[in-house]
Amino acid sequence: MFCFLILIPFFFYDRKTPHSQMKHVFKIVAILVAISAIWIALLETSTVPRSYTWLLPIYLVVVLGCYGLFMVGFGLMFFPTCPQEAILLQQDIVEAKEFLAKKGVDVGSE
Amino acid sequence: MEAAAGGRRAYSIIVPTYNERLNVAIIVYLIFKHLPDVNFEIIIVDDGSPDGTQDIVKQLQQVYGEDRILLRARPRKLGLGTAYLHGLKHASGEFVVIMDADLSHHPKYLPSFIRKQKETGADVVTGTRYVKNGGVHGWNLMRKLTSRGANVLAQTLLQPGASDLTGSFRLYKRDVLEDLISSCVSKGYVFQMEMIVRATRKGYHIEEVPITFVDRVFGISKLGGSEIVEYLKGLVYLLLTT
């Protein structure tokens, strides 16, 4: 029965799309179904005490949330900035205006 | 290697403009400065700017030549995707570069796009702000937070094959760009994301080069709640269709 669950996403497999690939959402659904199947199997066989097994999905959500927060926080801490580029750009603008004004291009007014 | 006037160019640089009178002059100067030995043309697609952008472009044509700067105007604002398509119709280059006119994309990075394409034979070279030697200037904490959040979400769910999805400083092989534009339907910067995700799914070879991004107009309707909603809608749309 659990094997059947795993097979479900493949019924959605779209042969008609070029390059014969699954739509991305079905890859995600496939992963979720696989995880659910393992979870249900654990619940049924009771290799681990049931009270623990019931909590596993909550742990999973918490772990995913932590991963997201960590990635965002990490990205923020090491967000690449370039203040010197703003200064260089101002110099380029002055240089361009000088050159173009000499060539008779009307860059004087905004 | 220089083609005769009117001949085919190696690179076509498409710059959509709307009220960029001063910026378009500066960007044209900087492109010519940084690509001295390259056979290229600049195609300005102006959406009927009331500020006289087209007059400036005509003056620039007098300086640099009408065969190097092509003005392909449209009567009014008609959207970014169709602006690229419009520019593409008039492009003779084997490769097409797309960049913004507001100087957030600096032409000094053009040689690295061209070099990267030559070295790797890539179909798409995309500029990325989120790697070493890249960067952003002019964003506050909120803007950075939104950007990182959006990026983590997209990288986890979509596996898009590029680190900077919403940037639009890119070099394409001409036929690849034609193919991608014809299969993309989104608007705004979801369009940029759709382009790169579809390129990955279609199996095109994508390479990245670091770019810096100086945001000089931050604060003017840049990122509100509605943009975030649009982004999330775009993400769901791409999950379901790619």
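On a predicted model such as this, the values are computed, not experimentally measured, just so you know. Residue numbers begin at 1 in each chain, while the letters A, B, ... track the order of the sequences.
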Visitor: Under 4.5 Å from any heavy atom of chain A, what part of B/Lys58 do you find: side chain, backbone, both or neither?
Guide: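 No part of it gets close to chain A.
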Visitor: Can you find a heavy atom in the side chain of A/Lys23 that is under 4.5 Å from one in the side chain of B/Thr242?
Guide: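 Result no, sub-4.5 Å side-chain heavy-atom pair not found.
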Visitor: Which atom pair, heavy atoms only, marks the closest approach of B/Tyr29 to A/Ala96?
Guide: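 Scanning both residues completely, I find the closest heavy atoms to be CD2-CB, 3.3 Å.
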Visitor: Do the non-hydrogen side-chain atoms of B/Leu240 and A/His24 ever get within less than 4.5 Å of each other?
Guide: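 No - every pair of side-chain heavy atoms lies 4.5 Å or more apart.
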Visitor: Checking B/Val236 against chain A: side chain, backbone, both or neither under 4.5 Å from a heavy atom?
Guide: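 Nothing of B/Val236, per the 4.5 Å heavy-atom cut-off to chain A.
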Visitor: Side chain, backbone, both or neither: which part of B/Ile27 has a heavy atom under 4.5 Å from chain A?
Guide: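 Nothing of B/Ile27, per the 4.5 Å heavy-atom cut-off to chain A.
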Visitor: So with a 6.0 Å cut-off around NZ of B/Lys33, is the heavy-atom count from everything else above 12?
Guide: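 Counting other residues, nucleotides and ligands, NZ of B/Lys33 exceeds 12 neighbours.
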Visitor: State, with a plain yes or no, whether a side-chain heavy atom of A/Thr81 is found less than 4.5 Å away from one of B/Val136.
Guide: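 The answer is no; the side chains never approach within 4.5 Å.
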Visitor: Measure the shortest side-chain to side-chain distance between A/Asp92 and B/Ile26 over non-hydrogen atoms and say whether it is less than 4.5 angstrom.
Guide: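 SC-SC contact between A/Asp92 and B/Ile26 ruled out.
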Visitor: Sort by residue number and list every residue of residues 158-165 of chain B having at least one heavy atom under 4.5 Å from chain A.
Guide: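 Residues of residues 158-165 of chain B touching chain A at under 4.5 Å: B/Leu158, B/Gln159.
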Visitor: Between B/Thr241 and chain A, which part of the residue has a heavy atom less than 4.5 Å away: side chain, backbone, both or neither?
Guide: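 For B/Thr241, backbone heavy atoms alone lie under 4.5 Å from chain A.
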Visitor: Charged N to carboxylate O under 4.0 angstrom, A/Asp106 versus B/Arg21?
Guide: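 A salt bridge is present here (some side-chain N lies under 4.0 Å from a carboxylate O).
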Visitor: State, with a plain yes or no, whether a side-chain heavy atom of A/Lys103 is found less than 4.5 Å away from one of B/Gln59.
Guide: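 Counting from C-beta outward, A/Lys103 and B/Gln59 never come under 4.5 Å.
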Visitor: Quick one: what part of B/Tyr64 sits under 4.5 Å from any heavy atom of chain A, side chain, backbone, both or neither?
Guide: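 B/Tyr64 touches chain A through side-chain heavy atoms alone.
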Visitor: Kindly indicate whether the side chain of A/Leu100, heavy atoms from C-beta on, has any atom under 4.5 Å from the side chain of B/Leu60.
Guide: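 Yes, at least one pair of side-chain atoms sits under 4.5 Å.
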